[in-house]
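Working notes for the structure below.
Worth knowing before you read on, the calculation uses all heavy atoms, side chains too, and leaves out hydrogens, waters and symmetry mates.
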Amino acid sequence: MDIAQTALSLWAKSGNPYHPLLGHMLDSASVARAILLREPKRTLCLYGQDWGLPPEEAVLWVAFLVGLHDLGKASPVFQAGWEEGAKKVWEAGLTWKRELLETETSWVAHGVLTEIYVKEFLRAFGLGRRASLQLARALGAHHGFPAQREELDLAHRHVQVEPEAWQEVRKWLVEHLRQTVKAPVPKVPEVSPQGVLRVMALTSFTDWIASDPSLFPYGRDPSRPDYWQEALDLAEKALDQVGWSRPKAGGQKGFTEVFPFPPNALQKGIPSLLESTHEPILLLVEAPMGMGKTEAALYAYHLLVERLGHRGLYMALPTQATANGLFPRVRDFLAGLGIGPLDLQLQHGTAMLNPLYEDLLERARPAQVYEAQGSVSASTWFSAKKRAMLSPHGVGTLDQALLGVLTVKHHFVRLWGLMNRVVVLDEVHAYDAYTSGLLEALLRWLKSLGSSVILMTATLPKAKREALLSAWGVSGENLPTYPRLAAFGERFLGGLPLPYPDKSVFLKSAPVEPEALAKELLAALPGVLGAVVNTVDRAQALYQALGKGTPLTLGDLLDRFNPSPSEGGPWAELGKVREEKAGAVVGKALPNGTLVFLLHARFPAEERALRETVALALFGKRGPRPERAILVATQVAEQSLDLDFDLLYSDLAPVDLLFQRAGRLHRHERPRPLPHGKPQLWVGGLEEPHFGGDLYWDRVYEEYILLSTWVSLRNRDALRFPQDLEALLEEVYERKPEAFPEELRERAQESHRRLHERLQKEEETAKNVALSEPERLIREGDAAHLAASFRMDDEAEDPHTQRLLTRLGDPSVPVVPVYRKDEGLYLDPEGRWPVRLRGEPSKEEAVALWRRAVRLSRYPIPQELSQEEPPPAWRKSGLLRGLRLLEVGREFGKGRGAFRVQLDPELGVVYVRLPDNN
């Protein structure tokens with residue numbers, strides 16, 4: 001048997017023409033090499049440190065490893081899977097027991113076999129036992145998950161009955177690959193978890209590119225002498241096509257070269273803290289709202305990239321709305337650096353509904369290349385969910401980053417994407433104990449992967465600050481007074497107290513009942529007023545209580561204000577969609593001319609996105625401002641959205657969130673109507689500490705924190721910025737039950753017990769399910785790999801496993817509300833837009849359905865709908881397979897809890913209680 005000719009008979013990609021296994025191995029190695037050679041020098045140094053090799057040699061060794069990822073295809077169980085290919089392999093002299101492969105239980109994934117084969121070859125190369133095992137598991141996981149024990153047991157049974165020739169063929173493939181790549185072999189007893197991850201993730205990234213026949217055509221003969229050079233050339237072209245470009249440094253710029261205004265005290269402090277930085281840092285920015293933290297973070301990113309060679313930026317926000325709001329600012333900032341072309345991805349579940357992001361995708365789409373020098377666009381290759389974190393620049397939700405520390409499919413690709421980047425974590429106070437535990441795990445990983453982190457917050461309790469700093473390996477003992485800026489490397493590097501002009505927000509107790517509250521809000525006009533309430537049901541009730549009016553469409557709104565194209569920002573976005581959405585209802589106009597708007601999370605995605613843009617246009621920094629307007633919103637309006645109210649009402653909430661909401665008062669310098677010359681925060685719930693019943697506030701927030709906030713605020717007439725902020729945080733969050741008034745003490749003790757139990761449970765859950773330490777990356781039998789045992793993808797909708805993702809809470813399900821008319825289902829009640837249930841939906845149909853999705857959590861909607869299969873047509877679409885049909889008018893529950901689901905053009909999804917017939 002001619003071993004070389006026999007090895008060349010093995011196939012990797014079926015078809016006519018098919019692609020030989022050796023060809024795919026060489027293609028993969030060429031892509032891995034090309035990817036790394038386009039990385040900053042600092043990334044290559046990290047790879048060099050992993051192996052004790054010069055960076056250029058480490059690149060070759062890692063490219064060789066990546067080329068081994070499909071060695072498991074050199075096996076009977078894989079080669080027998082395509083009849084035509086199996087015949088050629090058999091004729092070449094490689095055989096197998098046919099009866100062994102004919103049973104349903106005999107199949108095993110080739111990645112599992114890769115793990116077995118590669119481990120033995122690496123041991124033969126002289127690598128330590130542990131290093132060989134770790135790398136073999138990493139390479140075998142290239143389709144998303146490491147092998148499980150039962151899969152390995154089955155694979156070992158296959159290997160035991162293989163004819164010896166298979167091992168000889170694999171040996172030839174491995175040695176031919178190594179010699180072609182010219183890879184050195186390091187002598188290492190073990191590899192750090194970071195080094196394993198760097199190979200693990202690069203393998204999947206590489207395989208996605210090298211497996212694309214439009215980039216690497218099938219049928220090329222790997223025995224040709226020029227095959228390797230051709231593969232190298234194809235790799236360069238492929239990376240150009242998908243948008244993986246070499247980073248460019250434009251030289252360090254002054255603040256006013258980057259932004260069209262001079263720096264304030266916070267922004268001036270950034271260069272002084274970073275001037276002697278030679279290592280990745282954690283930058284802590286604690287300052288009240290409106291101090292320019294975003295611009296400070298972006299400028300810090302610029303300085304860190306120039307000084308440390310970081311590869312890019314990820315801005316992690318708490319919500320999709322806040323990510324949408326920041327996206328254009330980051331786009332403009334990157335474009336202003338003048339070092340393009342740059343790729344920028346918007347990363348969250350409904351990013352495709354953002355018109356600016358769609359525009360960036362269109363700019364890149366024609367030939368998958370970029371426009372003029374200095375431009376910013378979004379490669380469609382990176383827009384796929386699994387790949388988005390690989391893009392050097394991104395704005396998205398924190399959840400997208402946290403999925404890297406949960407063992408969902410390809411989680412390691414997300415971590416690799418964040419490696420050697422500047423990661424900005426905004427509003428870090430906004431998360432519960434579980435999510436904060438995941439955040440701490442993420443911080444440990446980011447530090448170990450050579451990334452710099454910027455933590456930004458306006459209001460952070462001491463215990464949470466210490467936990468986050470501890471995750472980086474430092475403490476906050478020497479911090480300056482609040483507001484502050486502080487930098488940490490392996491130790492505290494320095495800090496600055498920040499000057500902040502005194503500002504008082506006057507407190508007033510307000511009624512909770514919607515009709516009474518509506519009456520007082522209407523009496524407070526003229527002005528631009530806001531009302532932030534704690535539940536969607538209250539938001540809908542208050543909106544209705546403000547009075548009957550004429551539905552206000554987008555076309556009506558634009559006609560009223562007629563903003564010029566030069567307004568830019570949200571007004572420009574609204575102008576772009578005017579023709580398409582002119583008839584969409586965005587609010588209502590009362591008979592006296594007052595405009596009323598409603599914003600919450602229970603609108604279909606496209607309606608919520610439109611309403612967010614309307615809110616930013618009318619209540620934001622620029623553009624025409626109404627004389628009489630009220631925005632009723634839930635918590636979606638409390639963070640990061642640049643909204644500016646003359647007067648604000650808020651339901652009672654934890655004190656840190658009240659400070660956040662108060663930051664939307666008199667946010668910008670502008671003339672105010674006479675009644676509102678001084679900022680006023682009306683708070684409902686200050687009269688009596690009642691948070692349960694129909695209010696459900698104690699379901700949204702911890703009763704103990706609400707009680708403690710109530711005790712601290714009940715006799716106050718103002719909040720002073722910044723003096724009161726830190727003191728009140730400590731007072732509320734550190735208050736012990738025995739410090740409550742006697743009449744509340746027993747209630748405080750019971751609610752404190754529940755809070756303590758929940759925090760303990762959430763913290764323990766986070767420690768168990770997260771890869772809280774890098775050493776847990778591929779440890780077998782670890783609770784952190786529970787998600788992997790479920791084979792969970794990050795869009796999983798199973799209510800039992802969903803809680804293992806980034807937020808604890810009630811199960812929810814994304815639904816598409818549809819209307820029944822005659823025998824068909826439609827997206828609109830008039831029956832103009834039919835819903836395809838069978839066949840294969842076009843991309844346009846899939847996007848149209850996806851735009852109508854809304855996530856619902858009211859029991860028992862998720863429990864019932866998750867048991868129902870999506871329509872057959874939807875299962876064929878990656879965009880739709882996680883959605884469920886919800887016929888408008890469907891009834892859920894029984895007895896007193898029964899309700900009907902309606903969809904109102906002004907109110908969004910409404911739950912209508914049904915009479916109890918018992």
Donor on one side chain, acceptor on other, Asp207 and His69, under 3.5 Å: yes

CG-NZ distance between Leu455 and Lys293, expressed to the nearest 0.5 angstrom: 12.5 Å

Check: Val188 and Asp50 side chains under 4.5 Å, non-hydrogen atoms: no

Under 3.5 Å side-chain donor-acceptor pair for His348 and Asp399: no

Thr319 side chain near Thr397 side chain, heavy-atom distance below 4.5 Å: no

Note, Ser204 side chain near Phe412 side chain (heavy atom, < 4.5 Å): yes

Pairwise side-chain contact, Val199 with Leu135, heavy-atom cut-off 4.5 Å (strictly under): yes

4.5 Å side-chain heavy-atom contact, Leu283 and Ser452: no

Ser451 and His310: side chain donor to acceptor below 3.5 Å: no

N-O pairing of Arg329 and Glu295 below 4.0 Å: yes

Proximity of Phe333 and Phe259 rings by center, below 6.0 Å: yes

Residue pair Tyr47 / Pro55, side-chain heavy-atom distance below 4.5 Å: no

Parallel, tilted or perpendicular, as decided by the 30° and 60° cut-offs, for the rings of Trp51 and Trp61: perpendicular

Minimum side-chain heavy-atom gap Leu485-Leu284 below 4.5 Å: no

Residue pair Gln660 / Glu427, side-chain donor-acceptor N/O under 3.5 Å: yes

Charged tip of Arg311 within 45° of Trp416 ring normal and under 6.0 Å: yes

Cation-pi, Trp472 ring and Arg444 (6.0 angstrom, 45 degrees): no

Salt bridge present between Arg38 and Asp240 (N-O < 4.0 angstrom): yes

Side-chain H-bond candidate by donor/acceptor type, Thr43 with Asn420, under 3.5 Å: yes

Salt bridge Glu56-Arg33, side-chain N to carboxylate O under 4.0 Å: no

Validation row: Ile35, Phe205 side chains within 4.5 angstrom (heavy atoms): yes

His393 and Tyr301: side chain donor to acceptor below 3.5 Å: yes

Salt bridge present between Glu279 and Arg307 (N-O < 4.0 angstrom): no

